[in-house]
Amino acid sequence: MNILELKHITYAYDRTPVLNDVSMTFEDGACYAIVGPSGAGKTTLLSLMSGLTAIQDGDILYQGKSLRQMNMYDYRSHDAGIIFQHYNLLTKLTALENVELSMEISGIYRRGRRELARTLLADMGLSDEEMNRRVLRLSGGQQRVAIARSLSYDPSVILADEPTGNLDAHTRDEIMDIFLRLREAGRCIIIVTHSAEVSHQADHVYHLERMKRA
């Protein structure tokens with residue numbers, strides 16, 4: 001079943017075309033990689049799918065319903081989990097506090113919030129001691145906190161922008177193992193990446209080409 005569908009997406013920044021007539025489909029329980037050269041519009045496409053950027057032309061459907069007709073706050077806090085390239089964690093908070101805050105913002109899991117946050121972080125491989133560190137003091141662990149935060153409201157779709165871009169090969173493979181486990185649990189995983197090693201592990205790969213400028 002298609003959980004997310006892009007229909008003829010066209011987008012431009014200040015009349016400079018970035019995406020032209022892009023159509024893609026994404027299903028539950030599958031991992032997708034979106035690849036292409038710098039400037040091909042990969043991050044823009046992810047931003048459109050996450051509802052952070054407004055659609056200009058074409059449409060994006062989530063479970064058959066246009067994002068244009070949906071409340072984007074509800075969509076981002078319940079349906080789509082977003083993992084930013086630079087994580088966007090609150091650096092003055094601990095790993096636990098970052099995940100708990102996400103739950104609070106989503107308006108769910110009011111009871112047992114800390115226990116669930118601990119479970120999510122433990123599933124990412126963090127120890128109790130690491131969970132209580134401020135995220136800037138987590139050596140190589142910020143991406144794991146970002147993934148746990150994105151899962152805190154149990155979304156159906158995970159959208160990840162270069163989640164392994166600055167990692168060594170061993171850590172990259174550990175993070176991909178996490179994404180593939182999430183796929184096995186029935187989620188749709190969509191990863192923007194420059195890494196051939198990451199794209200080779202995806203079930204499906206979409207290629208974007210950089211548009212020629214006039």
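As a basis for the values below, the full set of heavy atoms in this structure was taken, side chains included, without hydrogen atoms, waters or symmetry mates.
- With respect to Asn98, the side chain to side chain contact (heavy atoms under 4.5 Å, CB included) criterion is satisfied by exactly one of Leu121, Thr91, Leu89, Asn88: Leu89.
- Counting only distance, with no hydrogens or angles, the side chain of Ser23 and the backbone of His8 share a donor-acceptor pair below 3.5 Å.
- Considering all non-hydrogen atoms of both residues, Arg133 and Glu129 come closest at NH2-OE1, 2.8 Å.
- Sequence neighbours left out, not one pair with a member in residues 20-45 passes salt bridge (charged side-chain N to carboxylate O under 4.0 Å, His left out).
- Judged by distance alone, with hydrogens and angles left aside, the side-chain atoms of Tyr87 form no donor-acceptor pair with the main-chain N or O of Arg144 at under 3.5 Å.
- Using modelled atom types, no side-chain atom of Glu100 and backbone atom of Ala117 make a donor-acceptor pair closer than 3.5 Å.
- No path of Ile, Leu, Val, Met, Phe, Trp and Tyr side chains, each step under 4.5 Å between heavy atoms, connects Leu52 with Leu61, placing them in separate hydrophobic clusters.
- Using a 4.5 Å heavy-atom threshold, the side chains of Thr193 and Val35 count as touching.
- The shortest distance between side-chain heavy atoms of Leu96 and Arg118 falls below 4.5 Å.
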Subject >> Met124 vs Val145, side-chain contact (heavy atoms from CB on, under 4.5 Å): CA-CA, chis, key distance, verdict >> reply: CA-CA 8 Å; Met124 296 301 109; Val145 180; over 6 Å; no
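- Taking every heavy atom of both residues into account, Arg68 and Gly58 meet most closely at NH2-O, 2.7 Å.
- Using modelled atom types, one side-chain atom of His78 and one backbone atom of Ser106 make a donor-acceptor pair closer than 3.5 Å.
- By the 4.5 Å heavy-atom criterion applied to side chains, Asn20 and Glu209 are not counted as neighbours.
- Cluster annotation: Ile147 is connected to Leu126 through the hydrophobic network of ILVMFWY side chains, with a link wherever side-chain heavy atoms come within less than 4.5 Å.
- In this structure, the side chain of Asp14 does not engage the main chain of Thr16 through any donor-acceptor pair within 3.5 Å.
- Between Phe179 and Ala160, the shortest heavy-atom contact is CZ-CB, 4.0 Å.
- For Pro155 against Gly81, the heavy-atom pair with the smallest separation is CB-N, 3.5 Å.
- Taken from CG in Leu159 to OG in Ser50, the straight-line distance is 6.5 Å, to the nearest 0.5 Å.
- Residues Phe84 and Ile34 are members of separate hydrophobic clusters, defined by side-chain heavy-atom contacts under 4.5 angstrom among Ile, Leu, Val, Met, Phe, Trp and Tyr.
- Both Ile178 and Leu120 are assigned to one and the same hydrophobic cluster, defined by single-linkage of ILVMFWY side chains at heavy-atom distances under 4.5 Å.
- In the displayed structure, His194 atom NE2 is contacted under 6.0 Å by more than 12 heavy atoms of other residues, nucleotides or ligands.
- The stretch residues 28-49 participates, sequence neighbours left out, in these ring-ring contact (aromatic ring centres under 6.0 Å, His included) pairs: Phe26-Tyr32, Tyr32-His204.
- When all heavy atoms of Leu19 and Gly41 are compared, the closest pair comes out as CD2-O, 3.8 Å.
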Could you pull out every donor-acceptor pair under 3.5 Å between side chains of residues 196-203 and any protein atom, sequence neighbours left out?
residue, atom, partner, partner atom, Å
Glu197, OE1, Ser195, OG, 3.1
Ser199, OG, Ser195, O, 3.4
Ser199, OG, Ala196, O, 3.1
His200, ND1, Ala196, O, 3.2
Gln201, NE2, Glu197, O, 3.3
Asp203, OD1, Arg183, NH1, 3.0
Asp203, OD2, Cys31, N, 2.7
Asp203, OD2, Arg183, NH1, 3.3

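- We find the CG-CD1 distance between Leu101 and Ile105 to be 4.0 Å, quoted to the nearest 0.5 Å.
- Atom CE in Met103 sits 10.5 Å away from atom CZ in Arg114 (nearest 0.5 Å).
- Under a 3.5 Å cut-off, the side chain of Thr164 and the backbone N or O of Leu167 do not form any donor-acceptor pair.
- Taking the side chain as every heavy atom from C-beta outward, Arg113 and Val99 never approach each other to under 4.5 Å.
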**OP:** Would you sort out whether Leu4 and Ile60 count as a side-chain contact (heavy atoms from CB on, under 4.5 Å), showing the intermediate values?
**Re:** CA-CA 7 Å; Leu4 203 63; Ile60 299 176; 4.1 Å; yes
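- In this structure the side chain of Leu151 never reaches within 4.5 angstrom of the side chain of Asp123, judged on heavy atoms.
- Looking only at atom types and distance, the side chain of Tyr13 has a donor-acceptor partner in the side chain of Thr44 under 3.5 Å away.
- Here the side chains of Gln56 and Thr10 are not in contact, with every heavy-atom distance at 4.5 Å or above.
- Closest approach of Met131 to Thr94, counting heavy atoms only: O-CB, 3.7 Å.
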Subject >> Residue pair Met24, Leu208: steps toward the side-chain contact (heavy atoms from CB on, under 4.5 Å) verdict >> reply: CA-CA 11 Å; Met24 300 176 177; Leu208 288 178; 3.9 Å; yes
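- Contact of the Leu45 side chain with the Tyr206 side chain is not registered, since no non-hydrogen atoms from C-beta on lie closer than 4.5 Å.
- Rounded to the nearest 0.5 Å, atoms CG (Asp173) and CG (Asp168) are 9.0 Å apart.
- When side chains are defined from C-beta on, Gln143 does not count as touching Ile83, because their heavy atoms never get closer than 4.5 Å.
- Once rounded to the nearest 0.5 Å, the distance linking CZ of Arg76 with CE of Met70 reads 11.0 Å.
- Linking ILVMFWY side-chain heavy atoms closer than 4.5 Å, directly or via other members, places Ile3 and Ile9 in a single hydrophobic cluster.
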